[in-house]
Amino acid sequence: MAMNHEEAKTRIEELRKTLWENSRRYYVDNAPTMSDYEYDQLMHELETLEKEFPDLLTPDSPTQKVGSDLETGGAGDNAEPRIQKEFAQYPHHYPMLSLGNTYSISEIEDFVRRAEKELKGVKFTYSCELKFDGTAICLEYRNGRLFRALTRGDGIIGDDVTENVKQISNVPVTLKGTGYPDDFEIRGEILMPYESFDKLNKEREDNEDPPFANPRNAASGSLKLLDPKEVGRRGLWCTLYHIPSQSVSFPTHDDALKAAASWGLPVSDKRKIVSSIEEIEEYIHYWDKERKFLPYATDGIVIKINELAYQTALGATAKSPRWAVAFKFQAEEATTKLVSIDYQVGRTGAITPVANMEPVQLAGTVVKRATLNNNDFVRDMDIRIGDYVKVIKGGEIIPKIIAVDLERRPKDAKRPEFPTVCPDCGTTLVREEDEAKWFCPNTDGCPTQIKGKLVHFLSRKAMNVLAGEATIDQLYKLGFVRTPADFYSLTKGQLLMLDGWKERSAQRFLDSLNASRQVTFDHVLFALGIRFVGETTAKELAVHFGNIDALAVASKEMLLEVQDIGETIAESVYEYFRDSRHLRDIERLKTAGLRFSMEAKKTSSNALEGKTIVISGNFSISRDEMKRLIEDNGGKNSSSVSGKTSYLLAGSKPGPEKMKKAAELGIKVISEEELMNMLPGTAETKSLSSEEEPTLF
């Protein structure tokens, strides 16, 4: 049934929120929770609605913007350890657009017809290439040497990962041969071959770190490590597939890549130049089968107009080139037997059914388990123990059961019984209104929840102590640890009782535990594991209240005064500090020497004291330096415009959504020059050092 205008507006807002959230998880966190296919279907639905209701199309829609890998918030479960430091950011000479994509051959035929119509019958060819499933990279060479390597970023600005890329074995620092331009860009993908991926995940499991979900996540996470030597150990691989036509003077895309290969650059050798839709379809069908034998992940085929002059003539939209399209393969599927179902208790008490299956090869890895989401999912699909089930790993994320092969259902297949009590502690399960999941309410007495919170407390994003689930499990079973404070009472003698632990491993743990006493208050607060309090929220609370004592006595109304804190978070924080067990443990952690107050930050001046500033756009100095400048003069940075914002600092190309929000709320918009005029003695910040590159070309 067709939507009316109000229904369309509501659905468009839902789609945009979902797509931006999953874009962040994919590009920044490297921990996607939605398959490529699901994401693309939602994007197509949004595109269709925006065409039907053009007045609802806005410049900030995901259909109009490239997904961004620039750091804007917390990270997912598979995120790599990071220091509180960001990469320098620089603009691309030419925007790094994303490709329009389809799962339909008929839409590839439409692409061919449009190209022929636009180019008015002139003869041209197509370059068919593999679509590599890695993370995008842009390399700039000056005078034959690698000058800079940038991630895609938001398509306009990228993170400078030059030192890391230099550690990738097949990326030449110096070009060979002759004929290369004095200054040119070449773009491609950083991949992690299956062999390197398996080795890395084995190491992570041995170190009790969570394994990466797929090679794409592993490649992206590895590229953003702050230690180039560690990047060099990861076995990354680079393949290059595009030189912007403005950079070179070759007649065709294929000629440009052949020249790049002669200069020693790692250009893909799997491309093929064709001249008809029949040849394009033949190439697609061939690689849909043969890709399974490649040593790295691919998820489709890219078709490009080969002649560079015609690429220029066809141009691009704000988001995608009109001279290229991607055909994406359907998610790889396998059928296997469901042997049993486990019911796992999460850190928050959520009960999740997990299917145990006979091992099957899928998308480059062996799959043995798949999440079943919740009891409604199992019931609606009528999944039974003993069934043969169809499993996909769309976008090579978490395996997912999509169907039951009813024709192969054995007569003795049994309907699973969802537990009514916690499988760990026996507490009666509860299900809140409008919740799909059942929960164990015994938050401080359920062993699995306790161990989950202990693992979280020591995790790298929290206290950063060298320990994982296996260590916590042993410490719990021996009765040594029940609350976070218990860690700081452990002795070397107790640690030596753990299986496989010797003097060195015990001392490493104790040294790591001792170092955690220097962790800042916001990370300690995050480590406590208060429900709904993530890294960003913990920092907001820590900065606002200054210390744990002020936070502990805060009313719900006081908590709601904190930026970005809503009713749900305020209720959770308030209730946490009403529990005497939590207060006792915090007192013990204080005695152990943990930091429960924010250190006074040294400032250059108080010129911006009490001012909350949101920055948007590009400036004469990097965004990181601009944020530091604001903090050094007593101001506070915020990521979103709200009623508590004092100024929106707008550089060139500010975000339209932030500008719109500022106008709606009557927030004053100031320029970089106006900000500088507010500060004492900042003339030196207005010009760049001789070693810096300007952020705009």
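Atoms considered below: every heavy atom in the structure, side chains included; atoms not considered: hydrogens, waters and symmetry mates.
- Between the Ser459 side chain and the His456 main chain, a donor and an acceptor come within less than 3.5 Å of each other.
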Query raised in the report: Should Phe327 and Tyr103 be marked as a ring-ring contact (aromatic ring centres under 6.0 Å, His included) after you check the CA-CA gap, both sets of side-chain angles, and the distance that decides it?
Result: CA-CA 6 Å; Phe327 175 86; Tyr103 293 82; 7.5 Å; no
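- Checked by atom type and distance alone, the side chain of Ser516 pairs as donor or acceptor with a backbone atom of Leu513 at under 3.5 Å.
- There is no side-chain donor-acceptor pair under 3.5 Å between Thr135 and Glu189.
- Using modelled atom types, no side-chain atom of Thr427 and backbone atom of Asn442 make a donor-acceptor pair closer than 3.5 Å.
- Glu571 has no carboxylate O lying under 4.0 Å from a charged side-chain N of Arg531, or vice versa, which leaves the two without a salt bridge.
- Taking the centre and axis of the six-membered ring of Phe377, the NZ or CZ atom of Arg379 falls outside the cone set by 45° and 6.0 Å.
- Salt bridge annotation for Lys131-Asp299: present, with a cationic side-chain nitrogen under 4.0 angstrom from a carboxylate oxygen.
- Taking a cutoff of 4.0 Å between a charged side-chain nitrogen and a carboxylate oxygen, Arg369 and Asp342 qualify as a salt bridge.
- By the 4.5 Å heavy-atom criterion applied to side chains, Gln449 and Cys440 are counted as neighbours.
- Minimum interatomic distance between Leu498 and Thr471 (heavy atoms only, all atoms of both residues): CD1-CG2, 4.3 Å.
- Between Asp486 and Arg588 a salt bridge is recorded (basic side-chain N to carboxylate O distance below 4.0 Å).
- At a threshold of 4.0 Å, the pair Arg234-Glu230 counts as salt-bridged, since one of the basic side-chain nitrogens sits closer than that to a carboxylate oxygen.
- Atom CD1 in Ile351 sits 12.5 Å away from atom CZ in Arg431 (nearest 0.5 Å).
- Counting heavy atoms from C-beta outward, Pro484 and Leu528 have side chains that stay 4.5 Å or more apart.
- The minimum heavy-atom distance linking Met192 with Leu236 is given by the pair CE-CD2, 3.6 Å.
- The two atoms that bring Ser196 and Gly235 nearest to each other are OG-O, 3.1 Å, heavy atoms only.
- Two residues are said to be in side-chain contact when any heavy atoms from C-beta on lie closer than 4.5 Å; Arg384 and Arg415 meet this criterion.
- Defined by atom type and a distance below 3.5 Å, a donor-acceptor pair is present between the side-chain atoms of Thr352 and Lys437.
- Not a single donor-acceptor pair under 3.5 Å links the side chain of Lys453 to the backbone N or O of Thr348.
- Salt bridge Asp382/Arg409: present, at least one basic N to carboxylate O contact under 4.0 Å.
- Using a distance-only test at 3.5 Å, with no hydrogens or angles considered, no donor-acceptor pair links the side chain of Ser222 to the main chain of Val231.
- A salt bridge links Glu45 with Arg11: at least one charged nitrogen is closer than 4.0 Å to a carboxylate oxygen.
- Tyr488 and Phe457 have perpendicular rings, their planes meeting at more than 60° on a 0 to 90° scale where under 30° would count as parallel.
- Side-chain contact check for Phe577 versus Ile530: some heavy-atom pair is nearer than 4.5 Å.
- Classification of Asp387 and Arg408 as a salt-bridged pair fails, no side-chain N sitting under 4.0 Å from a carboxylate O.
- Here Tyr194 and Tyr296 keep their ring centres 6.0 angstrom or further from each other.
- Between Asp444 and His582, the side chains place a donor N or O and an acceptor N or O closer than 3.5 Å (distance only, hydrogens not considered).
- Comment: Lys9 does not engage Glu6 in a salt bridge, judged by the lack of any side-chain N to carboxylate O separation of less than 4.0 angstrom.
- Ile301 is listed as a side-chain neighbour of Ile284, based on a closest heavy-atom distance under 4.5 Å.
- Closest non-hydrogen pair, Tyr574 versus Ala554, comes out as CD1-O, 3.6 Å.
- When only modelled atom types and interatomic distance are considered, Ser104 and Ser106 share a side-chain donor-acceptor pair under 3.5 Å.
- Once rounded to the nearest 0.5 Å, the distance linking CG of Asn214 with CG of Asn217 reads 4.0 Å.
- Surrounding CH2 of Trp237 are at most 12 heavy atoms belonging to other residues, nucleotides or ligands under 6.0 Å away.
- In this structure, a donor-acceptor pair under 3.5 Å is present between the side chains of Asn356 and Ser340.
- Residues Asp499 and Gln474 come closest through the heavy atom pair N-OE1, 2.7 Å.
- At a threshold of 4.0 Å, the pair Asp473-Lys451 counts as salt-bridged, since one of the basic side-chain nitrogens sits closer than that to a carboxylate oxygen.
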